Amino acid sequence: MLELLAWGDTGWGDELVRGTLMTLAVAVCSFALGQVFGTLGASAKLNGGIVTRALAEIYTTVVRGVPELLVIYLLFFGTGNAIMGVASLFGYTGYIEVNAFTIGTLSVGLISGAYSTEVIRGAIQAVPFGQIEAGRALGMSRARILFRILLPQTLRYALPGLGNVWQLTLKDTALISVTALAELMRSAQVAAGVTRDPFLFYAVAAVLYLVLTSISTYAFDRAERHSNRGVRRA
Amino acid sequence: MNKTLASIAAGMALFAAASVVEAPAAHAQTKVRIATEGAYLPWNGMDASGKLIGFEIDLSAELCKRIGATCEVMAQDWDGIIPGLQSRKYDLIMAGMSITDERKQVISFAGPYATEPTVFAAMKGSPLLALNLPTTSVDMSEISPDEQKLIDQSAAAVKGKTVGVQVSTIQQNMVEQLMPGVEVRAYDKVDNMGLDLVSGRIDAIVADRSAIEGLIKAGEQNKDITKFGPAFSRGVLGEGVGIGLRKADTELQGKLDKAIKDATADGTITKLSTQWFGYDTSIK
Amino acid sequence: MNLSIMWDAVPKLLAGVPVTLQLVGLALLFGFALAAGVAWMRLSASKLLSRIAAGYVFVFRGTPLLVQIFLIYYGLGQFQAVRASIFWDILREPYWCGVIALTLNTAAYTSEMIRGGVQSVPHGQIEAARACGFSRLMVFRRIVAPIAVRQALPAYGNEIILMVKASSLASTITLLEITGIARRIISQSFAVFEVFIVAGAIYLLINFLITRLIRYAEWRVTPHLRRPA
């Protein structure tokens, strides 16, 4: 059994570890992208006009209401053509390669962003409006109000929710295995197929995912404690 | 902090520079990207280092040399392999894909470069093997009364049974069109179909002969998988295995057709075939 | 975009709705029962029981559902001992493997919601009920359960929707629910977009209806928040 997990050309140990790193890379990039989408979505929902608000609403409803697998499939087969369609509008007809990593990150990021939108929106709304008024009364500029009052508190309120979104994002990366990107799930599937030992490889994959989730849970707990250090406990 | 930022920036700049330098070199020769499944030995598969191997990997290298292109072979799941071609994820498909009318409606083919009959298999001790169906070849392009009898016999044998096929394959078509009353279970990969046959979830599988032999050889657990019944070919099973490509790429199709013809004539395909299959699958 | 393919796909995909709903319904039913047990263990005074429950929740919340499905379907089927056991009658069917995987998954999340709901009940209210001579069962039925349900319902609504979406992964083990049928249609027509867009719309509709139902349920259990007529 152990020789199946060996390092190098005879075993699958190195493939699985590389897959884990790839999973981590996709998850981190998707989560970061998700924060961009989430911030845009939240500000559209809170401050946008009727059109941007509707767009943000459609975005979160559709992406959160359709199975992740479908979102990934649609983007996987769609982005290439869409990007080339846009490029051809500008007169470029050559081939533009969009690799599996980019598409995977984009699709998981889109999903991550839809959930983040709600978390960030809730967190912004949790900041008492009186504080912003107070800031204005003291003559603070908009940027200063944003950086001194809104952001630090939004971050604190959003952290627990974002921790959940991160876990979701991390686990959703397993679905990119359908795009043949060599992340953890894909490596486990290939190894299980070649060696005919699915139990071993899926169990190892499960353990590796658990390692990733426990480390990140710990990190988010620390971050939460850090951000709450000035808050009196009831 | 600033140091890290600086080094990241430097790294990105280097990377950008590298890709700019590399780009013109790649354009000198046509670059062709080929998709294969990587889970269909001996046609195509993966070794323990995660590298693609198999008959089609070697053949693709040979054909690319002949058409003067640089090739890159990549893995793509079978059920998305045609949509992936259409959305330009790659330019060619070499994945044991038979040339059928259904597929020709959406893509075109170069070749065929090989052919393999379709057979059923069950586990040793299965009542299906006890039927002792004749193992003659059945060419379904023109079905003689004798051959029709063989098809009917096979259909009667698997009627009411659960039969595993790989999704979107000629074998799925064959069972669904010619063998009514079969509970078809469609799998994403041949490997998974094999796992379920061995575990007893399904009564039989049907696939291309070499893929079944690949399964039998793949591991100790699979040694009891046994082929049975006639070896079917042509008709609903198509006209042999070819290279799939987009309909617009007629120039590439012409070049590949010629390369395949030459490689067949000079025995290259026979050589590669004997190496991977143990016998000659080339088109005579 | 080919509209006629989309139109043809609608009835075929709708035929998968009952399977999807069955999978989700059974998983939620069994999952809730299991979750109640796990939450009880988690809240029990026994360290051992609490640890076991916590471990279960940790494992099933910390790994992707896809891994769990494959582990249960292909992983367990690999062992002769499993195949010889009485469980094989259930485990050999992809349908039940799907139900089991979804059940185990949702139970892990639901147990935490139940725990949160029960813990949200102010202790004073329980004490007050006891002082009034309520039996343990009556305390649970009249005090703990209503408050806990009210507290946990919005989160549970989300969980139902997540389950509907998660059921699409059952297509990876040959089940022909909505996504499975979609993949099968695509394998014949190769029209990825058309078919997946229709499938997506069906999921969206199901989830919209569920959201409405949950809203209604929330309204029902919070009469105290309504403005007097």
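Convention: sequence-line order gives letters A, B, ...; per-chain numbering from 1. As the structure is a computational prediction, the values presented were derived from the model and not from experiment.
The stretch residues 50-68 of chain C places none of its residues near chain B, where near means some heavy atom under 4.5 Å from a heavy atom of that chain.
A 6.0 Å sphere centred on CD of B/E251 holds no more than 12 heavy atoms belonging to other residues, nucleotides or ligands. More than 12 heavy atoms of other residues, nucleotides or ligands sit less than 6.0 Å from atom NZ of B/K247. The environment of C/F32 atom CZ is sparse: at most 12 non-hydrogen atoms of other residues, nucleotides or ligands sit within 6.0 angstrom. Environment of CZ in C/F79: crowded, with over 12 heavy atoms of neighbouring residues, nucleotides or ligands closer than 6.0 Å.
Proximity to chain C is absent for every atom of B/Q105, based on heavy atoms less than 4.5 angstrom apart. There is no contact between B/Q166 and chain C, counting heavy-atom distances below 4.5 Å. With a threshold of 4.5 angstrom between heavy atoms, B/Q221 does not approach chain C through any atom at all.
Between the side chain of C/R83 and the backbone N or O of B/G200 there is no donor-acceptor pair closer than 3.5 Å.
In this structure, OH on B/Y187 lies 9.5 Å from CD1 on C/I173, to the nearest 0.5 angstrom.
Across all non-hydrogen atoms, the minimal contact from C/F190 to B/P83 is O-CG, 4.1 Å. The minimum heavy-atom distance linking B/R201 with C/C97 is given by the pair NH2-SG, 4.0 Å.
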**Request:** Please assess B/S199 against C/W88 for the test side chain to side chain contact (heavy atoms under 4.5 Å, CB included), listing each intermediate value before the final yes or no.
**Result:** CA-CA 10 Å; B/S199 75; C/W88 186 240; 3.9 Å; yes
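There is a side-chain donor-acceptor pair under 3.5 Å between B/D196 and C/Y73.
The choice from B/V198, B/L195, B/N192, B/D188 that makes the most heavy-atom pairs within less than 4.5 Å of chain C is B/N192.
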Determine all donor-acceptor pairs shorter than 3.5 Å in which one atom belongs to a side chain in residues 178-187 of chain C; sequence neighbours excluded.
{"residue": "C/T179", "atom": "OG1", "partner": "C/Y203", "partner atom": "OH", "Å": "2.7"}
{"residue": "C/R183", "atom": "NH1", "partner": "C/S171", "partner atom": "OG", "Å": "3.0"}
{"residue": "C/R183", "atom": "NH2", "partner": "A/Y73", "partner atom": "OH", "Å": "2.9"}
{"residue": "C/R183", "atom": "NH2", "partner": "B/D79", "partner atom": "OD2", "Å": "3.3"}
{"residue": "C/S187", "atom": "OG", "partner": "C/R184", "partner atom": "O", "Å": "2.6"}

